[in-house]
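Below is one structure, written out as C-alpha coordinates, with a few remarks after it.
Residue numbers run from 1 in the order of the sequence given. FYI, side chains are in, hydrogens and waters are out, and symmetry mates aren't considered; it's all heavy atoms of this structure. When a ligand or atom number is given, it counts from 1 through the structure's own listing order.
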Amino acid sequence: MAARISLTRYLVEQQHKKDHIPAQLRLLLEVVARACKSISLAVNKGALGGVLGAAGSENVQGEIQKKLDIIANEVLIEANEWGGHLAAMASEEMDGIYVVPHRYPKGEYLLLFDPLDGSSNIDVNVSIGTIFSVLRMPDDDRGVDEADFLQPGRQQVAAGYCVFGPQTTLVLTVGDGVALFTLDREQGSFVLTEEDLRIPADTKEFAANMSNMRHWDAPMTRYIEECLAGKDGPRGKDFNMRWVGSMVADVHRILTRGGIFLYPWDRREPNKPGKLRLMYEANPMAWLVEQAGGAATNGRQRILDIPPGQLHERVSVFLGSKHEVERVTSYHSEL
Ligand code: P6P
(Lines give C-alpha, C1' and ligand atoms only; values in the text may rest on other atoms or scores of the structure.)
Protein backbone atom coordinates (compact mmCIF):
# COMPACT_ATOMS: atom_id res chain seq x y z
CA MET A 1 0.00 0.00 0.00
CA ALA A 2 1.39 3.42 -0.99
CA ALA A 3 2.70 5.58 1.89
CA ARG A 4 -0.13 7.62 3.37
CA ILE A 5 0.65 11.28 2.79
CA SER A 6 -0.68 13.56 5.54
CA LEU A 7 -1.87 17.11 4.94
CA THR A 8 1.25 18.33 6.73
CA ARG A 9 3.57 16.38 4.41
CA TYR A 10 1.59 17.54 1.35
CA LEU A 11 1.92 21.18 2.41
CA VAL A 12 5.63 20.84 3.26
CA GLU A 13 6.23 19.30 -0.17
CA GLN A 14 4.23 22.11 -1.81
CA GLN A 15 6.34 24.57 0.18
CA HIS A 16 9.60 23.04 -1.08
CA LYS A 17 8.24 22.68 -4.65
CA LYS A 18 9.26 25.97 -6.29
CA ASP A 19 8.79 27.59 -2.86
CA HIS A 20 5.08 27.37 -3.65
CA ILE A 21 3.70 27.89 -0.16
CA PRO A 22 5.36 30.35 2.24
CA ALA A 23 5.66 28.97 5.78
CA GLN A 24 2.99 31.37 7.10
CA LEU A 25 0.47 30.12 4.52
CA ARG A 26 1.31 26.51 5.35
CA LEU A 27 0.66 27.26 9.03
CA LEU A 28 -2.62 29.00 8.12
CA LEU A 29 -3.88 25.98 6.16
CA GLU A 30 -2.91 23.54 8.91
CA VAL A 31 -4.75 25.68 11.48
CA VAL A 32 -7.86 25.87 9.29
CA ALA A 33 -7.76 22.08 8.81
CA ARG A 34 -7.47 21.59 12.58
CA ALA A 35 -10.46 23.90 13.08
CA CYS A 36 -12.43 21.85 10.54
CA LYS A 37 -11.69 18.72 12.59
CA SER A 38 -13.13 20.44 15.67
CA ILE A 39 -16.23 21.53 13.72
CA SER A 40 -16.62 17.98 12.40
CA LEU A 41 -16.62 16.63 15.95
CA ALA A 42 -19.32 19.13 16.99
CA VAL A 43 -21.43 18.34 13.89
CA ASN A 44 -21.10 14.59 14.45
CA LYS A 45 -22.42 14.88 18.03
CA GLY A 46 -25.75 16.25 16.70
CA ALA A 47 -28.55 16.05 19.25
CA LEU A 48 -26.21 14.36 21.74
CA GLY A 49 -24.12 17.52 21.85
CA GLY A 50 -27.08 19.87 22.18
CA VAL A 51 -25.87 21.66 19.04
CA LEU A 52 -28.95 21.31 16.84
CA GLY A 53 -31.64 23.89 16.27
CA ALA A 54 -31.74 27.67 16.01
CA ALA A 55 -29.53 30.01 18.00
CA GLY A 56 -32.28 32.62 18.37
CA SER A 57 -30.40 35.24 16.30
CA GLU A 58 -30.03 36.37 12.68
CA ASN A 59 -26.86 36.90 10.62
CA VAL A 60 -25.97 39.84 8.41
CA GLN A 61 -27.95 38.19 5.60
CA GLY A 62 -31.09 38.29 7.76
CA GLU A 63 -31.02 34.48 7.97
CA ILE A 64 -31.87 32.56 11.16
CA GLN A 65 -28.59 31.40 12.70
CA LYS A 66 -28.28 27.80 13.81
CA LYS A 67 -26.33 26.98 16.97
CA LEU A 68 -23.72 25.21 14.84
CA ASP A 69 -23.31 28.31 12.62
CA ILE A 70 -22.14 30.23 15.68
CA ILE A 71 -20.07 27.36 17.10
CA ALA A 72 -18.27 26.88 13.77
CA ASN A 73 -17.64 30.62 13.47
CA GLU A 74 -16.17 30.77 16.99
CA VAL A 75 -13.98 27.72 16.37
CA LEU A 76 -12.45 29.33 13.27
CA ILE A 77 -11.90 32.69 14.97
CA GLU A 78 -10.30 31.17 18.10
CA ALA A 79 -8.11 28.77 16.11
CA ASN A 80 -6.73 31.46 13.80
CA GLU A 81 -6.43 34.69 15.81
CA TRP A 82 -3.26 33.96 17.84
CA GLY A 83 -0.95 32.30 15.28
CA GLY A 84 0.56 35.42 13.71
CA HIS A 85 -0.39 34.40 10.15
CA LEU A 86 -3.47 36.62 9.77
CA ALA A 87 -4.22 40.34 9.75
CA ALA A 88 -8.01 39.85 9.84
CA MET A 89 -10.92 37.52 9.10
CA ALA A 90 -14.35 37.87 7.50
CA SER A 91 -17.30 35.53 7.86
CA GLU A 92 -20.84 35.08 6.58
CA GLU A 93 -21.85 35.12 10.25
CA MET A 94 -20.28 38.49 11.12
CA ASP A 95 -21.41 41.93 9.85
CA GLY A 96 -17.92 43.44 9.78
CA ILE A 97 -14.36 42.13 9.58
CA TYR A 98 -12.59 40.68 12.62
CA VAL A 99 -9.19 42.35 13.04
CA VAL A 100 -6.64 40.22 14.93
CA PRO A 101 -6.46 41.71 18.47
CA HIS A 102 -3.37 43.77 19.35
CA ARG A 103 -2.34 41.18 21.97
CA TYR A 104 -1.54 38.77 19.14
CA PRO A 105 1.06 39.07 16.34
CA LYS A 106 -0.35 40.03 12.93
CA GLY A 107 0.44 38.28 9.65
CA GLU A 108 0.12 39.01 5.96
CA TYR A 109 -3.02 36.98 5.13
CA LEU A 110 -6.76 37.57 5.17
CA LEU A 111 -9.06 34.60 5.84
CA LEU A 112 -12.68 34.57 4.68
CA PHE A 113 -15.15 31.80 5.41
CA ASP A 114 -18.66 30.52 5.43
CA PRO A 115 -18.23 28.61 8.69
CA LEU A 116 -21.12 26.24 8.12
CA ASP A 117 -22.63 26.19 4.66
CA GLY A 118 -25.96 24.45 4.16
CA SER A 119 -27.31 25.18 7.62
CA SER A 120 -30.85 24.22 6.59
CA ASN A 121 -29.55 20.63 6.44
CA ILE A 122 -28.03 20.54 9.93
CA ASP A 123 -31.12 19.27 11.77
CA VAL A 124 -31.94 16.62 9.16
CA ASN A 125 -28.49 15.00 9.08
CA VAL A 126 -27.62 15.94 5.49
CA SER A 127 -24.05 16.89 4.48
CA ILE A 128 -22.91 20.44 5.36
CA GLY A 129 -19.52 22.07 5.30
CA THR A 130 -17.05 24.90 5.83
CA ILE A 131 -15.83 27.00 2.88
CA PHE A 132 -12.69 29.16 3.12
CA SER A 133 -10.71 31.59 0.98
CA VAL A 134 -7.29 33.17 1.59
CA LEU A 135 -6.13 36.52 0.26
CA ARG A 136 -2.89 38.40 0.85
CA MET A 137 -2.97 41.77 2.64
CA PRO A 138 -2.33 44.62 0.17
CA ASP A 139 1.20 46.05 0.57
CA ASP A 140 0.53 49.25 2.44
CA ASP A 141 0.97 50.40 6.01
CA ARG A 142 -2.44 51.93 6.57
CA GLY A 143 -3.71 49.13 8.82
CA VAL A 144 -6.40 46.65 7.85
CA ASP A 145 -10.00 47.48 6.97
CA GLU A 146 -12.83 46.01 4.92
CA ALA A 147 -11.47 47.52 1.70
CA ASP A 148 -8.44 45.19 1.95
CA PHE A 149 -10.77 42.22 1.50
CA LEU A 150 -12.37 43.57 -1.69
CA GLN A 151 -10.06 41.78 -4.12
CA PRO A 152 -11.23 39.77 -7.16
CA GLY A 153 -11.20 36.01 -6.72
CA ARG A 154 -8.20 35.60 -9.03
CA GLN A 155 -6.12 37.14 -6.21
CA GLN A 156 -6.74 34.17 -3.89
CA VAL A 157 -3.63 32.33 -2.69
CA ALA A 158 -5.53 29.34 -1.26
CA ALA A 159 -9.13 28.11 -1.22
CA GLY A 160 -10.94 25.04 -0.01
CA TYR A 161 -13.81 23.45 1.81
CA CYS A 162 -14.47 20.69 4.29
CA VAL A 163 -17.53 18.45 3.84
CA PHE A 164 -19.04 16.98 7.02
CA GLY A 165 -20.75 13.98 5.45
CA PRO A 166 -20.37 10.18 5.50
CA GLN A 167 -16.66 11.03 5.46
CA THR A 168 -15.08 14.29 6.55
CA THR A 169 -13.15 15.42 3.48
CA LEU A 170 -10.96 18.49 2.97
CA VAL A 171 -10.54 19.79 -0.61
CA LEU A 172 -7.81 22.34 -1.18
CA THR A 173 -6.02 24.32 -3.87
CA VAL A 174 -2.98 26.58 -3.61
CA GLY A 175 -2.92 27.11 -7.37
CA ASP A 176 -1.28 23.79 -8.27
CA GLY A 177 -4.36 21.62 -8.90
CA VAL A 178 -6.94 20.33 -6.42
CA ALA A 179 -6.12 17.82 -3.67
CA LEU A 180 -8.61 15.76 -1.64
CA PHE A 181 -7.89 14.68 1.95
CA THR A 182 -9.99 12.28 4.02
CA LEU A 183 -10.05 12.54 7.82
CA ASP A 184 -8.57 9.44 9.46
CA ARG A 185 -10.37 9.60 12.79
CA GLU A 186 -8.10 6.97 14.37
CA GLN A 187 -5.01 9.05 13.58
CA GLY A 188 -6.89 12.35 13.93
CA SER A 189 -5.28 13.61 10.72
CA PHE A 190 -6.26 14.38 7.13
CA VAL A 191 -4.75 11.89 4.66
CA LEU A 192 -4.25 12.59 0.93
CA THR A 193 -6.73 10.39 -0.97
CA GLU A 194 -6.80 12.16 -4.38
CA GLU A 195 -3.99 14.44 -5.49
CA ASP A 196 -5.38 15.89 -8.69
CA LEU A 197 -9.18 16.10 -9.02
CA ARG A 198 -10.32 16.74 -12.61
CA ILE A 199 -13.83 17.71 -13.80
CA PRO A 200 -14.91 16.15 -17.14
CA ALA A 201 -15.70 18.86 -19.72
CA ASP A 202 -19.09 17.22 -20.48
CA THR A 203 -21.77 15.93 -18.15
CA LYS A 204 -25.32 14.55 -17.96
CA GLU A 205 -26.04 15.88 -14.48
CA PHE A 206 -27.24 19.33 -13.38
CA ALA A 207 -27.82 20.81 -9.93
CA ALA A 208 -30.51 23.48 -9.58
CA ASN A 209 -33.38 24.22 -7.21
CA MET A 210 -36.21 23.49 -9.68
CA SER A 211 -38.86 24.97 -7.37
CA ASN A 212 -37.55 28.41 -8.47
CA MET A 213 -38.08 27.72 -12.19
CA ARG A 214 -40.99 30.15 -12.66
CA HIS A 215 -38.77 32.95 -11.30
CA TRP A 216 -35.82 32.42 -13.65
CA ASP A 217 -34.89 34.58 -16.63
CA ALA A 218 -34.93 33.26 -20.21
CA PRO A 219 -31.32 31.94 -20.58
CA MET A 220 -31.53 29.81 -17.43
CA THR A 221 -35.01 28.57 -18.33
CA ARG A 222 -33.83 27.68 -21.85
CA TYR A 223 -30.80 25.75 -20.53
CA ILE A 224 -32.85 23.69 -18.07
CA GLU A 225 -35.73 23.05 -20.48
CA GLU A 226 -33.23 21.68 -23.02
CA CYS A 227 -31.79 19.37 -20.35
CA LEU A 228 -35.32 18.21 -19.42
CA ALA A 229 -36.14 17.52 -23.09
CA GLY A 230 -33.57 14.73 -22.94
CA LYS A 231 -32.36 12.66 -25.90
CA ASP A 232 -35.34 13.68 -28.08
CA GLY A 233 -34.55 17.36 -27.48
CA PRO A 234 -31.80 19.69 -28.75
CA ARG A 235 -29.20 18.19 -26.38
CA GLY A 236 -29.66 14.67 -27.76
CA LYS A 237 -29.06 13.08 -24.36
CA ASP A 238 -30.93 12.50 -21.12
CA PHE A 239 -29.88 14.42 -17.99
CA ASN A 240 -30.04 13.54 -14.30
CA MET A 241 -30.65 16.09 -11.54
CA ARG A 242 -29.19 16.37 -8.05
CA TRP A 243 -29.82 19.18 -5.51
CA VAL A 244 -28.55 18.73 -1.93
CA GLY A 245 -29.18 22.28 -0.72
CA SER A 246 -25.58 22.47 0.51
CA MET A 247 -23.23 24.08 -1.98
CA VAL A 248 -20.26 22.16 -0.53
CA ALA A 249 -22.00 18.81 -1.16
CA ASP A 250 -23.09 19.70 -4.70
CA VAL A 251 -19.68 21.11 -5.61
CA HIS A 252 -17.92 18.10 -4.08
CA ARG A 253 -20.00 15.77 -6.28
CA ILE A 254 -19.12 17.88 -9.34
CA LEU A 255 -15.39 17.85 -8.50
CA THR A 256 -15.65 14.09 -8.04
CA ARG A 257 -17.73 13.05 -11.10
CA GLY A 258 -18.58 16.18 -13.11
CA GLY A 259 -21.83 18.13 -13.43
CA ILE A 260 -23.03 21.73 -13.49
CA PHE A 261 -24.27 23.77 -10.51
CA LEU A 262 -26.65 26.62 -11.28
CA TYR A 263 -27.93 29.27 -8.87
CA PRO A 264 -29.09 32.20 -11.07
CA TRP A 265 -30.68 35.55 -10.50
CA ASP A 266 -34.42 35.31 -10.08
CA ARG A 267 -37.23 37.82 -10.02
CA ARG A 268 -38.24 37.20 -6.39
CA GLU A 269 -35.55 39.70 -5.32
CA PRO A 270 -34.66 41.46 -8.61
CA ASN A 271 -32.21 43.84 -6.93
CA LYS A 272 -30.03 40.93 -5.79
CA PRO A 273 -27.76 39.42 -8.50
CA GLY A 274 -28.18 35.99 -6.90
CA LYS A 275 -28.39 34.15 -3.57
CA LEU A 276 -24.82 32.97 -3.07
CA ARG A 277 -22.08 35.21 -1.67
CA LEU A 278 -19.17 36.19 -3.87
CA MET A 279 -16.31 36.49 -1.38
CA TYR A 280 -16.62 33.30 0.69
CA GLU A 281 -18.78 30.96 -1.39
CA ALA A 282 -18.51 31.67 -5.13
CA ASN A 283 -14.86 32.77 -5.27
CA PRO A 284 -13.30 29.81 -3.43
CA MET A 285 -15.54 27.31 -5.26
CA ALA A 286 -14.84 28.98 -8.62
CA TRP A 287 -11.07 28.73 -8.13
CA LEU A 288 -11.28 25.09 -7.07
CA VAL A 289 -13.44 24.28 -10.11
CA GLU A 290 -11.10 26.10 -12.52
CA GLN A 291 -8.06 24.43 -10.96
CA ALA A 292 -9.79 21.09 -11.67
CA GLY A 293 -10.33 21.99 -15.35
CA GLY A 294 -13.89 23.30 -15.03
CA ALA A 295 -15.35 26.79 -15.48
CA ALA A 296 -17.27 29.26 -13.29
CA THR A 297 -19.20 32.35 -14.41
CA ASN A 298 -22.03 34.57 -13.22
CA GLY A 299 -23.69 34.10 -16.61
CA ARG A 300 -21.79 37.02 -18.10
CA GLN A 301 -18.18 36.89 -16.88
CA ARG A 302 -15.66 34.70 -15.08
CA ILE A 303 -16.51 34.78 -11.35
CA LEU A 304 -12.82 35.17 -10.44
CA ASP A 305 -12.67 38.45 -12.41
CA ILE A 306 -15.63 40.12 -10.66
CA PRO A 307 -14.43 43.23 -8.77
CA PRO A 308 -16.14 43.07 -5.33
CA GLY A 309 -18.11 46.14 -4.24
CA GLN A 310 -18.90 44.96 -0.72
CA LEU A 311 -17.95 42.15 1.63
CA HIS A 312 -21.27 40.30 1.63
CA GLU A 313 -22.33 40.89 -1.95
CA ARG A 314 -24.20 38.16 -3.76
CA VAL A 315 -23.69 36.71 -7.23
CA SER A 316 -25.29 34.32 -9.73
CA VAL A 317 -23.30 31.11 -10.01
CA PHE A 318 -22.87 28.69 -12.93
CA LEU A 319 -19.95 26.33 -12.30
CA GLY A 320 -18.69 22.85 -13.18
CA SER A 321 -18.14 20.95 -16.44
CA LYS A 322 -16.55 23.44 -18.82
CA HIS A 323 -18.67 22.80 -21.93
CA GLU A 324 -21.93 23.12 -19.98
CA VAL A 325 -20.89 26.35 -18.26
CA GLU A 326 -19.82 27.76 -21.62
CA ARG A 327 -23.20 26.80 -23.10
CA VAL A 328 -25.38 28.40 -20.39
CA THR A 329 -23.10 31.48 -20.40
CA SER A 330 -23.48 31.79 -24.19
CA TYR A 331 -27.29 31.77 -23.76
CA HIS A 332 -26.92 34.82 -21.49
CA SER A 333 -24.76 36.67 -24.03
CA GLU A 334 -27.42 36.12 -26.71
CA LEU A 335 -29.82 38.40 -24.77
P1 P6P B 1 -31.99 26.92 -1.66
C2 P6P B 1 -27.25 27.07 1.71
O3 P6P B 1 -28.13 27.92 2.41
C4 P6P B 1 -26.86 27.77 0.43
O5 P6P B 1 -26.24 28.98 0.71
C6 P6P B 1 -25.97 26.87 -0.41
O7 P6P B 1 -25.17 26.05 0.36
C8 P6P B 1 -26.96 26.06 -1.24
O9 P6P B 1 -26.44 25.65 -2.49
C10 P6P B 1 -28.12 27.05 -1.43
O11 P6P B 1 -28.04 28.00 -0.36
C12 P6P B 1 -29.45 26.34 -1.36
O13 P6P B 1 -30.42 27.34 -1.64
O14 P6P B 1 -32.67 28.16 -2.18
O15 P6P B 1 -32.12 25.74 -2.60
O16 P6P B 1 -32.33 26.55 -0.24
Report task. Side-chain contact test, heavy atoms from C-beta onward, threshold under 4.5 Å: evaluate it for Ile224 versus Trp216 and give yes or no. Result -> yes
Report task. Would you indicate whether the side-chain heavy atoms of His85 and Asn80 approach each other to under 4.5 Å? Result -> yes
Query raised in the report: Given the rule in the side-chain contact (heavy atoms from CB on, under 4.5 Å) test, do Leu180 and Val171 qualify, once you have shown the distances and angles that lead to the verdict?
Result: CA-CA 5 Å; Leu180 164 60; Val171 175; 3.7 Å; yes
**Report entry** ring-ring contact (aromatic ring centres under 6.0 Å, His included) partners of Tyr161, counting only residues at least two apart
**Finding:** His252
Query raised in the report: How would you list, by chain and number, the residues with a heavy atom under 4.0 angstrom from ligand 1?
Result: Asp117, Gly118, Asn209, Trp243, Gly245, Ser246, Met247, Phe261, Tyr263, Lys275, Leu276, Arg277, Glu281
Query raised in the report: For the salt bridge (Lys or Arg N to Asp or Glu O under 4.0 Å) test, which of Arg154, Arg302, Lys322 pairs with Glu290?
Result: Arg302
Query - Distance-only donor-acceptor check, side chains Ser133 and Asn283, under 3.5 Å - result: no
